[in-house]
Amino acid sequence: MLGIHLVDMLAHRWDLARALGTSPVVPERLTDAALPLARANTAPGSPLNGPGGVYRPPFAAEAGSAMDRIVALLGRNPRWSPANDRR
């Protein structure tokens with residue numbers, strides 16, 4: 001349960017920073033710990049994925065920082081910014 005909360009708190013930190021037009025500042029030790037947890041949380045068959053789950057399908061992004069890969073696993077575009085939002 002703590003692993004899910006760590007990943008979610010980092011993702012929400014990313015959400016807020018990006019919405020404000022900045023990049024999140026996250027200590028590398030946290031992203032290094034969270035990346036394998038994010039992979040486990042979003043592994044095929046996880047009840048957290050897909051229809052009825054809390055995460056969107058993963059966004060393709062194997063390159064980039066650990067934070068980029070974490071948010072991509074949760075279905076966010078790591079390159080998103082308010083300036084390029086096309087809603």
Side-chain angles (χ1 to χ4, degrees):
M1 207 55 172
L2 290 175
I4 293 170
H5 289 296
L6 171 62
V7 171
D8 283 350
M9 291 301 105
L10 291 178
H12 293 312
R13 181 182 187 120
W14 180 91
D15 292 336
L16 289 170
R18 287 300 173 97
L20 294 171
T22 66
S23 294
V25 177
V26 180
E28 191 174 325
R29 71 180 191 279
L30 289 180
T31 56
D32 288 348
L35 183 55
L37 296 169
R39 286 185 179 127
N41 295 349
T42 60
S46 169
L48 300 173
N49 286 349
V54 295
Y55 302 130
R56 292 181 179 170
F59 194 90
E62 281 303 314
S65 69
M67 194 69 222
D68 288 346
R69 288 178 278 159
I70 290 167
V71 298
L73 285 166
L74 304 182
R76 292 161 168 85
N77 178 349
R79 304 290 173 242
W80 184 89
S81 74
N84 65 18
D85 191 359
R86 295 191 170 112
R87 282 190 247 172

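When reading the values below, keep in mind they use all heavy atoms of this one structure, side chains included, and skip hydrogens, waters and symmetry mates.
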Please list, chain by chain and in numerical order, all residues satisfying side chain to side chain donor-acceptor pair (under 3.5 Å) with [X], sequence neighbours excluded.
X	result
R18	none
D15	H12, R76
R79	D68

Just distance, no hydrogens or angles: give the donor-acceptor pairs under 3.5 Å from side chains in residues 50-57, sequence neighbours left out.
{"from": "Y55", "atom 1": "OH", "to": "D8", "atom 2": "OD1", "distance (Å)": "2.8"}

For this session: Using a cut-off of 6.0 Å, state whether more than 12 heavy atoms not belonging to L20 lie near its atom CG.
Result: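 Counting other residues, nucleotides and ligands, CG of L20 exceeds 12 neighbours.
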Exercise. By side chain to side chain contact (heavy atoms under 4.5 Å, CB included), which residues pair with S46, not counting sequence neighbours?
Worked result: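 By the side chain to side chain contact (heavy atoms under 4.5 Å, CB included) rule, S46 matches L48, N49.
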Problem set entry | Partner set under side chain to side chain contact (heavy atoms under 4.5 Å, CB included) for A34, not counting sequence neighbours |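 With neighbours one apart ignored, the set is L6, V7, L10, I70.
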Contacts table for residues 22-30: side-chain donor-acceptor under 3.5 angstrom, sequence neighbours left out:
{"from": "T22", "atom 1": "OG1", "to": "A17", "atom 2": "O", "distance (Å)": "3.1"}

Problem set entry | Separation between CG of L74 and CG of N41, rounded to the nearest 0.5 Å |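 One gets 7.5 Å once the value is rounded to the nearest 0.5 Å.
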For this session: Enter the distance from R39:CZ to R69:CZ here, rounded to the nearest 0.5 Å.
Result: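 CZ of R69 is found 6.0 Å from CZ of R39.
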For this session: Would you name the heavy atoms of G3 and L37 that are closest together and state the gap between them?
Result: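 Closest approach of G3 to L37, heavy atoms only: CA-CD1, 3.8 Å.
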Problem set entry | Contact summary for V71 and A11, nearest pair of heavy atoms |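 V71 and A11 have their closest heavy atoms at CG1-CA, 4.5 Å.
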Exercise. Is M9 reachable from L73 through a run of I, L, V, M, F, W or Y residues, each pair having side-chain heavy atoms under 4.5 Å apart?
Worked result: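 No.
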